Amino acid sequence: MGGPVIISFANQKGGVGKTTSAVNIAACVASLGFRVLLADLDPQGNATSGVGQNKKSLHYSMYDALLGGCSPAAAIVPTQFDRLWLLPATMDLAGAEIELLDREKREYSLRSVLADVGEDFDFVFTDCPPSLGMLTVNALSCSHGVVIPMQCEYYSLEGLSQLMISIKKVKQLYNPLLSITGILITMYNGRLNLSTQVLAELKRYYADKLFKTPVVRNVKLSEAPSFGQPIFYHDKYSKGSLAYMEIAKELVSRVL
């Protein structure tokens, strides 16, 4: 496969640890020696601040790259972390959802952006907004795989089947190469009956897709974004860091 491996982190439900997973897996994969681009496609820009980027100091962002306001390379900024670069997002990106609707081949706008810069990276990890709108469709249309972060809750199970239907549609319409890289359990609490029941249910239907390591609730993991650091740099030996490193290694072995 030429160019980078492109993986999207998607779930239409908010608050499931999607951005946390995108940021931390990107940093862990970069620490394994790969050149990684973290592409922030969420107008909230949490992945952008999660790697310590001040949004006010940006000349260009994902919005400019998607809508032709600058070359894709001009929007990419280095982070302070080894082999990790960022294509940042600001609130402007919320407008792209509407502006893209009038464009021809609008589903492939992100694909064009990444085609221009792909040679420089081994992996591109895209943090999608918590919806199944045009930005998420753009991400899925150019991805080789999707990582689905989810909590062990009943509503999450319901949302998962909806997401699977959407992924199938994008695969049929825009991107036959799209596959599910894995389902990632976040904020796990093994002491709760509900968590173990939902996990058992997931194993029954998606055993081959589940990442082996769940991410347990972890104070260090929750505080890392306020320092603008992935957990690997904030506290390398915390439970959260060790879990994401295991997941990163498993992800690399699944896609390479």
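Owing to the predicted nature of the structure, the values given are computational and were not obtained by experimental measurement. Quick note: residue numbers are just sequence positions, from 1. Just so you know, these numbers use all the heavy atoms, side chains as well, and skip hydrogens, waters and symmetry mates.
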OH (Tyr188) with more than 12 external heavy atoms under 6.0 Å: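 It does: Tyr188 OH has more than 12 such atoms within range.
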Check the surroundings of atom NZ in Lys239: do more than 12 heavy atoms from other residues, nucleotides or ligands lie under 6.0 Å from it?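 Check fails, neighbour count at 12 or below.
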Heavy-atom pair with the smallest gap, counting every atom of [X] and [Y]:
X: Leu221; Y: Gly240; value: CD2-CA, 4.2 Å
X: Arg254; Y: Thr181; value: NH1-O, 2.7 Å
X: Thr196; Y: Gly190; value: CG2-O, 3.7 Å
X: Ile6; Y: Cys142; value: CD1-O, 3.3 Å
X: Ala65; Y: Pro72; value: CB-CA, 4.2 Å

Measuring from atom OG1 of Thr126 to atom CG of Leu135, what distance do you get when rounded to the nearest 0.5 angstrom?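 Rounded to the nearest 0.5 Å, the OG1-CG separation comes to 11.0 Å.
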Kindly compute the distance separating CD (Glu97) from CG (Leu66), expressed to the nearest 0.5 Å.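 The CG atom of Leu66 is 10.5 Å from CD of Glu97, to the nearest 0.5 Å.
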Set of residues satisfying ring pair (Phe, Tyr, Trp, His ring centres under 6.0 Å) with respect to Tyr174, sequence neighbours excluded: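 By the ring pair (Phe, Tyr, Trp, His ring centres under 6.0 Å) rule, Tyr174 matches no residue at all.
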Test side-chain hydrogen bond (donor to acceptor under 3.5 Å, both in side chains) applied to Thr213 and Tyr244, step by step: CA-CA 8 Å; Thr213 312; Tyr244 274 119; over 6 Å; no
Donor-acceptor contact present, side-chain [X] to main-chain [Y], <3.5 Å:
X: Thr79; Y: Leu84; answer: yes
X: Thr48; Y: Gln53; answer: no
X: Gln151; Y: Ser156; answer: no
X: Lys209; Y: Gly182; answer: no

Walk me through whether Thr19 and Asp127 qualify under side-chain hydrogen bond (donor to acceptor under 3.5 Å, both in side chains). CA-CA 6 Å; Thr19 299; Asp127 185 33; 2.7 Å; yes
Residues Asp120 and Arg35 bridged, charged N to O under 4.0 Å: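 Answer for the salt bridge query: no.
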Under the 6.0 Å and 45° cation-pi test, does Arg83 pair with Phe123?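 The answer is no; the distance or angle limit is not met.
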Got Tyr205 and Met164 here, is their nearest side-chain heavy-atom distance under 4.5 Å?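 A side-chain contact is absent here, since even the closest heavy-atom pair is not under 4.5 Å.
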